[in-house]
Every structure is written in C-alpha cells, then in structure tokens.
Amino acid sequence: MKKITFALLWFTTLGWAQITYNSTDFAAINDTFLVSHATDLTGLDFTLTGADTSWDYSTLAPNTQENILWENPNNTGYKTSWCFSNNYLFTCNSQFNANFNLATKQVDGLQIQGYGLTNAYMHSKLSTANYANKMIGANITVTGLTLPFTVSYTQPDILYQFPMNYNDTYSNPTVLSFDLNSLGVPLSYTSTGQRDNVVEGWGSLITPFGTFASVLKVKSTLTESIDTTIQGQTTSQTQTTISYVWFDPAYGIPVLEVSGQEVAGLWTPTNTTYIDIQRCLPPNALFTYFPVASDYDPTTQTASVSFINASTNFDVSDWDFGDGSAHSSVKNPTHNFTCPGLQQVTLTITNQFCDPDETATLTLPVNITDSQNAFTTGVTVGDASLIADRTLTGTTYQWLDCDNGNSPIDGATSQIYTPTTDGNYAVQLTTNGCVSTSDCYSYAGLGTIQLDNTTSFHLYPNPTKGKLELSNTFVEIKKVTVTNALGMIVANSLDISNLAKGIYLVTLETAKGFYVQKVIKE
C-alpha cells in the first residue's frame, strides 16, 4: 500500500500538477486589470525555468501603476477608417468583426517628428487557436487637422497559441509596415520579424501581489529587421526582444511579464509588469505638446495647442495655461491661445488614493509664434498723423506722450492719431486682452519753422561719416532726436557713428521751435 501511495504522489508531481491555459482563460471585452510596473530588477533571475519550479519575485518594487481595459473594437473609432482603406464599403461590419474582437489602448498620446499621435489602440483577434495583434489605429494631427488612420499587419503578430501546455513550441512570422508621407508626416516604417515561443516551465510564483500556486512560464523571442525612413534618410537595425511571461488560468492576462533586449547574446531585463492591488505611489508629472512651434492664425485669432499628459500615478489633472484663462481638468486637453508670445504652462497632478493626497507639478514654456506679424506694434508716421499698423478685429488703441512719461493722451483712442504738438509718441495696443506698447516715434509736422538769417543754422558735414556739427554755435539745443526711415527713434545725439549707412531725419528742439534736417550717413 505504501508503494502505491508513493507512486501516485510521484505521478501527480510530474504530470497532474501541470496546468493548461486555454483561450477561454484569456481576457474578454470589459475586463479590467490593475498592473504595476517595476524597473529596478537588481539581483533577480528571470531565466530560471523547468518543471515544478518555484519563482519568488516578492521583492519587486513597483514605481508606476495603470489599469488595462479590454474594449470592443467597434467602439475605438477606427472601424470606418479601416474599412475604407481596405475597400470594404458594403461589407464593413462583417469584415471588421471577422478580423477583430478585442482592443486595448496603447498610449494616450505621443509625438512623431513633432506631429501629435493620440488615442492609439491595438486591435486583436482572440480565437480558440491563438491570440494575435492585427491592426493599430490612431489619430494624427497635422497642420491643425486631426485625422484617424489605421495600419494593418501584413502578417499578424501571433503572441500566444492555445491550448498552452508545458513544452509547447511554435514559431510565426510577422510583418508591420506603414508610410505616413501621404498624411504630411515624413516617416515610413517596416518591421519584418519572427516570434518564437516555448512553454519552458511550470510551478508556483510569488510576486508582491501574492502567491500563484499553478502557473505556466513562456519564453517569447521576437527578432525583427527594422527600416525607419525620416525625411528621406533610412536607418536599418536588427533587434531581439525576449519576454518571460507567467500565466495563471484564473487571470485573463499574464500575472507577470518581464521583457528586455538581447544584445550580443546578453539579455538585459528592463521592465516588469505584474497583476497587483492599488498602492500609494508618488505621482510624477510629465507632459509634452504639439505642434512644438504653434503659429498664431489672424483669421481665427487663435493658436491651437494639444497637450499630452504622460504623467504616472495620478487620478486628477489640473492645467494652468499661463494666459489667464480658466484651468482645465481634462487629461489631454487642447487649448486655444489668443495671443502670441511665451506662455508658461503648468500641469499639477494628484494621487488621491494616497492619504493625504500627493501632488506633483511641472511647468514648461510654450512659444506661440506670429509669423504673419498680426500683433505688430509698428507705427506709420505720416505728414499729418500717426497710424498704428495693427488691424486685428477687436483691437483698442491708446496713444501715449513719450515726452511726458508715456502718459495717456485724453481722447486719443483711435487707430489714427493727429498730434496737436510736435513731439514723440507711442501707442498702447490691446487685442484679446493682451497688451503691448510700440516704440516712441518722432512727429515734427507742426512745430518745424524756418528760423531767420541771424539765428538759422544747419548740420554738417552732410553726408557724414558719424559726428554732425552745428553751423551756429550760439543756438541753444534743448533736445536731439534721430529717426530712421521707418520713423523709429534710433539716437538722441549728433554723434551717429554707430548707426548703419542710410538716410536719417534729425530733429532739433530749440527755444524758438523745431528744426528738421535730412542727413545721409555714409
């Protein structure tokens, strides 16, 4: 009797303790899994394998967490684009449903060559035989226009085959290729590879989440030849990615996955993902935006900028766009700036799971350019008036007396101002609540007089190489103003040595009036 009992125990250890992972064990639509990511993998051996193995990775330290939601591919927003690109105009629903039955969001947003890529989803097919990635759908923003596009695998990437049993091995080719040049993005990409899987171990697994009594371990090796062409320049590389994946039939996704690159025969693990409970982890604020250089549009009087929140460990977002507008709590907002210039945008995130709440903040400068000079502060000096060059709808004007501390001139609130006395003037312009002030411009259309023969004078030499002299040294000069051809004040003395060659207007204020003379700088 003892011999029979021992034989049964021995047989159970070798065979019956092994498990099978079936397609019905895998995730289904609306399943959500909370996972942790760890990057400090020091001292842990993930290559350990074989039958009846005990893996203990309880020392893994999570640094970020996320929820993985499995969605209905019909709800991702890319069915119409995929059907159109494949000419399934009359059989769209049936073709789409035959190809895809699961979808997961890959990223909320990222940048490709300065262009925004948002709402990226992997579309997959789960069958009784395998689970395969088949199509990527995303939105891309080019020149302010957001368009959906889809990229189908020429050969799907079969990640797993079912049923999954110890010692199973299989290999499958995979090809992914896309060209974004037709969308205005100078980027194309081709990856030709092969995925080799072996179910190399079974046993028990311990992670910070807990103990999994019966798991299968899969080694998945993806070898790729990749060609990337950016603005006509092609870069080629070969890379090998090895992932070790542990499955428990009670969970629809791997309970532990460790991946990394193999270089010159040496595999280095870089990231670990495992099923977990929610934890209080410090939030880390990070964001980017596109377009990187947004230009002000005079027609709409806005510059639209989309922000990508790449923060971790948070559940609340607060955006301050730096322009005095209302804050936004949207995770990935788009904001219309109404004035050009440098804006300091601040993102504050909060992890409310912590007690007390933990926050993190990041501020980045966002430069709104004005290539069409819509917010010009230039002034045209006419014979009888000064004219502000800015013509944007809604602009208000306030003329200032530069000779009186830039004080506002009563009633001078039109685009055109006719001075009542000669002097130097500027204009304060307000558009969309943004205030800017022009340089001071000299106006001498009224007070200029021809002095009599006993007091008149002139400036010499003319043309001059630099310093001007007065022909009558008895005349008291109160003020000197030198303006260029645009009417801008460029000097306040008779020494114009540092000015560029050209024609200048020199205005002299005397006790008896103003004297204006055109001079040529050689």
Side-chain angles (χ1 to χ4, degrees), residues 370-391 395 397-409 412 414-429 436-522:
D370 184 17
S371 64
Q372 300 185 55
N373 202 23
F375 268 68
T376 176
T377 58
V379 172
T380 299
V381 180
D383 293 337
S385 60
L386 302 171
I387 306 171
D389 294 338
R390 188 185 300 181
T391 58
T395 299
Y397 308 87
Q398 175 60 65
W399 291 90
L400 310 174
D401 186 352
C402 296
D403 298 325
N404 189 25
N406 278 14
S407 60
I409 301 171
S414 298
Q415 184 181 358
I416 300 174
Y417 172 57
T418 301
T420 57
T421 61
D422 291 337
N424 299 288
Y425 301 94
V427 62
Q428 184 183 82
L429 306 111
S436 53
T437 302
S438 72
D439 292 330
C440 291
Y441 290 81
S442 177
Y443 180 80
L446 296 169
T448 302
I449 61 173
Q450 178 64 46
L451 304 177
D452 60 30
N453 291 336
T454 61
T455 59
S456 63
F457 57 89
H458 65 274
L459 300 172
Y460 71 96
N462 190 14
T464 180
K465 293 186 179 297
K467 191 172 182 179
L468 296 165
E469 302 287 344
L470 297 173
S471 62
N472 188 333
T473 58
F474 296 98
V475 175
E476 181 183 357
I477 305 300
K478 293 184 176 182
K479 186 176 182 180
V480 178
T481 303
V482 182
T483 56
N484 61 17
L486 298 177
M488 300 177 63
I489 298 174
V490 292
N492 295 103
S493 74
L494 295 180
D495 187 356
I496 59 174
S497 302
N498 62 332
L499 299 182
K501 295 180 180 180
I503 299 175
Y504 296 91
L505 204 64
V506 179
T507 302
L508 304 179
E509 181 180 355
T510 73
K512 294 187 177 182
F514 290 82
Y515 176 82
V516 180
Q517 180 177 328
K518 184 184 297 182
V519 299
I520 300 173
K521 168 68 186 305
E522 293 183 329

Test item: L470 and L494 side chains (from C-beta on) under 4.5 Å apart, heavy atoms: yes
Residue pair T391 / Q415, side-chain heavy-atom distance below 4.5 Å: yes
Separation of D401 CG from T421 OG1 (nearest 0.5 Å): 7.0 Å
Side-chain touch D403/C440, heavy atoms, less than 4.5 angstrom: no
Heavy-atom side-chain proximity of N424 to K479 below 4.5 angstrom: yes
Inter-residue atom distance L499.CG - Y504.OH, 0.5 Å rounding: 4.5 Å
Exam field: side chain Y441 to backbone V427, donor-acceptor pair closer than 3.5 Å: no
Any donor-acceptor pair under 3.5 Å from Q398 side chain to I409 backbone: yes
Nearest-0.5 Å distance, CD of residue E522 to OG1 of residue T464: 7.5 Å
T380-D389 side chain donor-acceptor pair, cut-off 3.5 Å: yes
Short side-chain donor-acceptor distance under 3.5 Å, S497 and D495: yes
Interatomic spacing from OG1 in T483 to NZ in K518 - rounded to 0.5 Å: 10.5 Å
Spacing of S414 atom OG and L386 atom CG [to the nearest 0.5 Å]: 12.5 Å
V480 and V506, any side-chain heavy atoms less than 4.5 Å apart: yes
Nearest-0.5 Å distance that lies between atom SG in C402 and atom OH in Y425: 9.0 Å
Contact check, side chains of L400 and P408, non-hydrogen atoms, under 4.5 Å: yes
Heavy-atom pair of closest approach, residues A374 and R390: O-CG, 3.4 Å
Where W399 and I416 come nearest, the two heavy atoms and their spacing: NE1-C, 4.2 Å
Which atom of V482 lies closest to which atom of S493, heavy atoms considered: CG2-O, 3.6 Å
Within-4.5 Å side-chain heavy-atom neighbours: T437 and T377: no
Side chain proximity check, L468 to Q517, heavy atoms < 4.5 angstrom: no
